[in-house]
Protein chains: 2
Amino acid sequence: MDMNYSTFAASEQTGCPELCEACSARTISICKVLPHPELRRLADCGSVKSYAPGEHLIREGDASNNVFNITDGMVMLFRLLSDGRRQVLGFLLKGDFIGLTAGAEYDIGVLAMTRVQVCRFPRLPFRRLLLETPLLEQELLARASDELLSARTHLTLLGRKTAMERVCSFLLHLADREARLGGAPDLLFLPMTRTDIADYLGLTTETVSRSMSFLKRLKAVQLLDHGAVRILQRSQLVSLSENI
Amino acid sequence: MDMNYSTFAASEQTGCPELCEACSARTISICKVLPHPELRRLADCGSVKSYAPGEHLIREGDASNNVFNITDGMVMLFRLLSDGRRQVLGFLLKGDFIGLTAGAEYDIGVLAMTRVQVCRFPRLPFRRLLLETPLLEQELLARASDELLSARTHLTLLGRKTAMERVCSFLLHLADREARLGGAPDLLFLPMTRTDIADYLGLTTETVSRSMSFLKRLKAVQLLDHGAVRILQRSQLVSLSENI
DNA sequence: CGAACTATTGACTGCCATCAATTAGTGTGG
DNA sequence: CCACACTAATTGATGGCAGTCAATAGTTCG
């Protein structure tokens with residue numbers, strides 16, 4: 001009986017946490033590499049948080065006490081110069097992880113573009129789990145690799161592409177990513193403002209706007225409501241984007 | 001006797017490889033985290049290579065068969081657009097590691113700026129060692145983190161800084177790095193051409209040259225032979241660099 | 001429906017790119 | 001060691017792309 005009970009308890013303990021069962025980001029998050037006991041350990045130290053559009057998940061300079069896994073919505077990473085100029089570093093979606101690079105203080109800000117859901121984990125227990133779980137370490141290294149690759153693509157865009165090429169590259173990049181997450185191909189969403197896009201592309205709002213208008217006149221894209229964009233002629237965009 | 005012998009052999013096997021004993025980059029390379037047996041295993045699968053200035057260590061698109069540890073000299077990482085425009089992604093020095101991000105093919109080119117010495121390791125055995133050595137995994141993750149951080153700083157420079165700010169940031173960045181490697185503070189070397197610098201900063205040779213001349217006229221820097229530069233007024237550079 | 005914000009469009013400016021010519025530096029062979 | 005050739009760097013003149021300033025149009029949401 002004792003034996004039965006303890007067996008039952010063990011199986012209970014090694015089961016998938018209820019919270020995670022329902023999580024639609026689970027198969028594309030860092031969690032996917034964790035066996036159930038480790039997943040439970042992670043789930044036990046984390047908590048689900050929700051942010052409204054415009055809310056900060058992280059302010060540059062804050063003590064880096066947490067890491068985040070995005071389970072829904074879109075956030076923007078950015079950095080500020082002392083005079084207020086802003087560089088947007090990227091837009092993250094469901095399944096992306098935040099907190100790889102932090103030292104004692106966050107070196108970037110993170111802002112919710114839409115309503116955002118995350119799993120938030122205190123850094124210390126996360127770090128402890130990380131040190132004891134090589135699979136997680138490997139997963140994070142793979143993600144760091146990917147981020148580095150995409151940062152290099154972004155660098156090339158900022159350093160060497162024209163305004164038009166930047167806008168086309170950006171649209172294609174977002175479309176590809178949404179498609180990979182299961183969205184309709186050639187349909188994408190721009191929940192961010194033209195200013196946010198401009199700060200991502202190293203341009204101004206006006207220049208982004210003019211480029212979009214040009215693409216609209218070409219009938220390469222169609223602007224729908226609420227920032228949705230339909231790509232009508234992908235080939236057109238590709239040839240205007242000078243993609244590597 | 002047998003016993004003595006095997007003890008001797010074991011101690012021989014766990015000693016530091018002769019090659020590594022003399023290596024001046026050892027304490028600042030990934031090697032520093034490896035205990036002697038693992039270091040020996042790494043040394044056994046690697047080989048020392050030397051490259052002349054202008055030689056390619058890696059061409060973009062090549063099968064990514066090797067990873068590299070720089071033990072001397074300076075290399076340049078870069079990416080090309082199909083029409084020949086080039087973005088320089090960074091300059092690496094002694095102690096830096098190349099090959100973190102590679103998929104099946106290298107996604108960047110690597111060119112020697114000076115005479116360069118590296119330890120070159122075939123990817124597969126390196127990967128095997130990596131999977132069995134969490135300490136190495138951790139070291140690579142830390143380095144990936146650092147690279148990501150520096151890529152983000154670079155992104156901000158390219159997206160939001162003026163020509164003058166870019167040049168000053170670049171000089172300060174190189175000076176800091178040389179100082180950290182034990183060089184004289186406020187003395188730095190530019191073994192790369194103005195074109196290389198321009199491609200790093202998202203500018204043209206002429207603009208880089210004009211900016212340098214301006215700094216010379218300000219007596220903020222002094223140009224010496226063979227691309228050496230002395231920083232005369234660091235504070236001047238800092239205030240012109242709009243550093244974060 | 002209307003207020004408030006965001007995007008677009010237009011006119012003009014300026015920074016950096018481009019084109020061109022000169023100067024300086026580097027390496028080589030007589 | 002010096003003269004020569006070649007490449008790289010600098011400087012100057014001009015142009016163009018994207019930025020700035022300003023006004024209008026369009027969205028979105030209470």
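Atom set for the values below is all heavy atoms of this structure, side chains included, hydrogens, waters and symmetry mates excluded. Given the structure is predicted, the values throughout are model-derived calculations rather than measurements.
Aromatic ring centres of B/Tyr51 and B/His56: separated by at least 6.0 Å. Separation of the A/Phe97 and A/Phe68 ring centroids does not fall under the 6.0 Å cut-off.
When the P atom of C/dA17 is taken as reference, atom CZ of B/Arg210 falls 9 Å away, rounded to whole Å. A straight line from CE of A/Met192 to P of C/dT6 spans 15 Å, rounded to a whole angstrom. The CD-C1' distance, from B/Glu165 to C/dC16, rounds to 14 Å in whole Å. In this entry the distance linking CG of A/Leu201 with P of D/dG19 reads 10 Å, nearest Å. Counting to the nearest Å, the C1' atom of D/dG26 and the NE2 atom of A/His226 are 13 Å from each other.
Contact check, A/Thr207 against D/dG19: a side-chain N or O comes under 4.0 Å of OP1 or OP2. Regarding contacts with the backbone of D/dT11, a side-chain N or O of B/Ser213 is found under 4.0 angstrom from either OP1 or OP2.
B/Ser209 comes within contact range of at least one nucleobase, with a heavy-atom separation under 4.0 Å. Within the 4.0 angstrom heavy-atom criterion, only backbone atoms of the sugar-phosphate kind lie near B/Thr193; the bases stay farther away.
Nucleotides of DNA chain C nearest to A/Met212 and A/Arg160 differ in position, and the one nearer the 5' end is that of A/Met212. Along DNA chain C, the nucleotide closest to A/Val208 and the one closest to B/Thr162 are compared, and the more 5′ of them pairs with A/Val208.
Between the side chain of A/Ser209 and the backbone N or O of A/Thr205 there is no donor-acceptor pair closer than 3.5 Å.
In the set C/dG10, D/dT10, D/dT28, C/dG10 carries the atom at the smallest distance from any side-chain atom of A/Glu206.
The salt bridge (Lys or Arg N to Asp or Glu O under 4.0 Å) check on B/Arg234 picks up B/Asp176, B/Asp186, with sequence neighbours excluded.
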